[in-house]
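Heads up, the thing below is written out as structure tokens.
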Amino acid sequence: QVQLVESGGGLVQPGGSLRLSCAASGIFFSMTSMGWYRQAPGKQRELVASVTSDYMPKYLDSVKGRFTISRDNAKKTVYLQMNNLKPEDTAVYYCNIVGRPGSWGQGTQVTVSS
């Protein structure tokens, strides 16, 4: 079975930074497009950023220039560097396979507030 374990969330003031990590197992990681999703209170889950097996990144318009997705195939880990965080970024962040996601992990809470 696929296991996806997110970490790195926390409390941060507007303008601050966080780096999220996602450790994956149970998949052929190096051949799989991976993404970071988030779900804010009262809203649908949305894809924030993705990276293909060829290391091609894509981003939600609202995070372009602020977030950077990367992957380390040797470590089977996906990262999301988040800079200049805004209150609207507050959500639970999840990683998963892009296109046909499997079960969702516990996620990691990101709270941006003064």
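Positions are given from 1 along the sequence.
Judged by the 6.0 Å and 45° rule, Arg19 forms a cation-pi pair with Tyr79.
Within the 4.5 Å cutoff, the side chain of Glu6 has heavy atoms near those of the Tyr94 side chain.
The side-chain contact (heavy atoms from CB on, under 4.5 Å) test with Leu80 singles out one residue from Ile69, Thr108, Val63, and that residue is Ile69.
Taken to the nearest 0.5 Å, the CG atom of Leu18 stands 9.5 Å off from the CG atom of Asn83. The CE atom of Met34 sits 11.5 Å away from atom NZ of Lys76, with the distance rounded to the nearest 0.5 Å. With rounding to the nearest 0.5 Å, the separation of CD in Glu88 from NZ in Lys43 is 9.0 Å. Interatomic distance, CE of Met82 versus CZ of Phe67, reported as 5.5 Å (0.5 Å rounding). From Trp36, atom CH2 reaches atom CD of Glu46 across 14.5 Å, with rounding to the nearest 0.5 Å. Expressed to the nearest 0.5 Å, how far NZ of Lys58 lies from CG of Leu60 amounts to 12.5 Å.
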Exercise answer: donor-acceptor pairs, residues 95-103 side-chain atoms, under 3.5 Å, sequence neighbours excluded:
unit_1	atom_1	unit_2	atom_2	d
Asn96	OD1	Gly102	N	3.2
Asn96	ND2	Gly102	O	3.3
Asn96	ND2	Ser103	O	3.3

Would you mind writing out the side-chain donor-acceptor pairs for residues 47-57 within the sub-3.5 Å range, not counting sequence neighbours?
unit_1	atom_1	unit_2	atom_2	d
Thr52	OG1	Asp54	N	3.2
Thr52	OG1	Tyr55	N	3.4
Thr52	OG1	Met56	N	3.1
Tyr55	OH	Asn73	ND2	2.9

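With 3.5 Å as the limit, one finds no donor-acceptor pair spanning the side chains of Thr77 and Asp72.
A donor-acceptor contact shorter than 3.5 Å is absent between the side chain of Arg71 and the backbone of Val78. A donor-acceptor contact shorter than 3.5 Å is absent between the side chain of Thr111 and the backbone of Thr90.
No more than 12 heavy atoms of other residues, nucleotides or ligands shown are found within 6.0 angstrom of CD on Gln106.
With a 4.5 Å cut-off between side-chain heavy atoms of Ile, Leu, Val, Met, Phe, Trp and Tyr, the cluster of Met31 takes in Phe28.
Ring geometry, Tyr37 versus Trp104: the interplanar angle exceeds 60°, so the pair is classed perpendicular (tilted spans 30 to 60°).
Nearest approach of Ala91 to Gln39, heavy atoms of both residues: CB-O, 3.4 Å. Taking all atoms of both residues into account, the shortest heavy-atom contact from Ala24 to Phe29 is CB-CD1, 3.8 Å.
With respect to Asp89 and Lys86, no salt bridge is recorded, no charged nitrogen being found less than 4.0 Å from a carboxylate O.
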